[in-house]
Amino acid sequence: QVQLVESGGGLVQAGGSLRLSCAASGRTFSGYAMGWFRQAPGKEREFVAAINWYYGSTHYADSVKGRFAISRDYAGNTVYLQMNSLKPDDTAVYYCAADRFGPVRTTERAYDYWGQGTQVTVSS
């Protein structure tokens, strides 16, 4: 049973930084891609970033490119999202997700497993 547990959310002022973590368990993830999505109040869930677990290739939404960085601890089964220069528009619940088929993809339906989410609030 795959489990994804996010942590690291919180309240931060605009311009600040946070690092989200996603602890993955239940199987070997070397063939997977891992993604971060977010959902703001009243909006649909949207893609933020993704990484291929084995090769480390990444992809970012245009809205976070240059500010956010996704990485993984290969041995520790943990995926990170370093968020810098945060803006009030980044306020959302952030979800970690796992895609069994590896290529980095941006659509929700490509992902098979989801965490419970962690709240990020950026004050102006």
### Task
Report yes or no: is the cationic atom of R38 (NZ for Lys, CZ for Arg) under 6.0 Å from the centre of the six-membered ring of Y94, at an angle within 45° of the ring normal?
no
### Query
V12 and V93: same hydrophobic cluster, using ILVMFWY side-chain contacts below 4.5 Å?
no
### Task
Find the distance between CE (M34) and OG1 (T58) and round it off to the nearest 0.5 Å.
14.5 Å
### T107 vs F47 side-chain heavy atoms within contact, under 4.5 Å
no
### Query
How close do Y60 and A69 get, heavy atom to heavy atom, and via which atoms?
OH-CA, 3.3 Å
### Query
Is there a path from W53 to V48 through hydrophobic residues (I, L, V, M, F, W, Y) whose side chains come within less than 4.5 Å of each other?
yes
### Task
To the nearest 0.5 Å, tell me how far Y80 OH sits from C96 SG.
11.5 Å
### Query
Does a side-chain heavy-atom distance below 4.5 Å link R100 with Y113?
yes
### Query
Of all heavy-atom pairs between A92 and A40, which one has the smallest distance, and what is that distance?
CB-N, 3.8 Å
### Query
Are V79 and L18 in one and the same hydrophobic cluster, where Ile, Leu, Val, Met, Phe, Trp and Tyr link if side-chain heavy atoms are under 4.5 Å apart?
yes
### Task
Mind listing the closest non-hydrogen atom pair of S21 and T78 along with its distance?
CB-CG2, 4.3 Å
### Query
From S63 OG over to E46 CD, what is the distance, rounded to the nearest 0.5 angstrom?
5.5 Å
### Main-chain N/O of L11 paired with T121 side-chain donor or acceptor, under 3.5 Å
no
### Query
Under a 4.5 Å cut-off applied to non-hydrogen side-chain atoms, are Y32 and N52 in contact?
no
### Query
Distance under 6.0 Å and angle within 45° of the ring axis: does R45 meet both against Y95?
yes
### Task
Show your reasoning for whether salt bridge (charged side-chain N to carboxylate O under 4.0 Å, His left out) applies to D62 and K65.
CA-CA 5 Å; D62 288 344; K65 208 171 288 184; 3.1 Å; yes
### Atom pair CG/CG of L4 and N77 - distance to nearest 0.5 Å
10.0 Å
## Note on the structure
d(S25 OG, Q3 CD) to nearest 0.5 Å is 4.5 Å
### Task
Identify the heavy atoms of L86 and R67 that sit nearest to each other, and give their distance.
CA-NH1, 3.9 Å
### Query
Would you say the side-chain atoms of Q116 pair up with the backbone N or O of V5, donor to acceptor, closer than 3.5 Å?
no
### Side-chain touch V104/I51, heavy atoms, less than 4.5 angstrom
no
### Message
Looking at every heavy atom in both V122 and T91, which two are closest together, and how far apart are they?
### Response
N-OG1, 2.9 Å
### Query
Y74 and F29: aromatic ring centres closer than 6.0 Å?
no
### Query
Between N84 and S17, does any side-chain donor sit less than 3.5 Å from a side-chain acceptor?
yes
### Message
Between F37 and L20, is there shared hydrophobic-cluster membership here, with clusters defined by ILVMFWY side-chain heavy atoms closer than 4.5 Å?
### Response
no
### Query
Within a radius of less than 6.0 Å around OH of Y54, do more than 12 heavy atoms belonging to other residues, nucleotides or ligands occur?
no
### Task
Mark yes or no for whether Q39, through its side chain, and E44, through its backbone, hold a donor-acceptor pair below 3.5 Å.
no
### Summary
For Y111 and A97 the tightest heavy-atom approach is CD2-CB, 3.5 Å
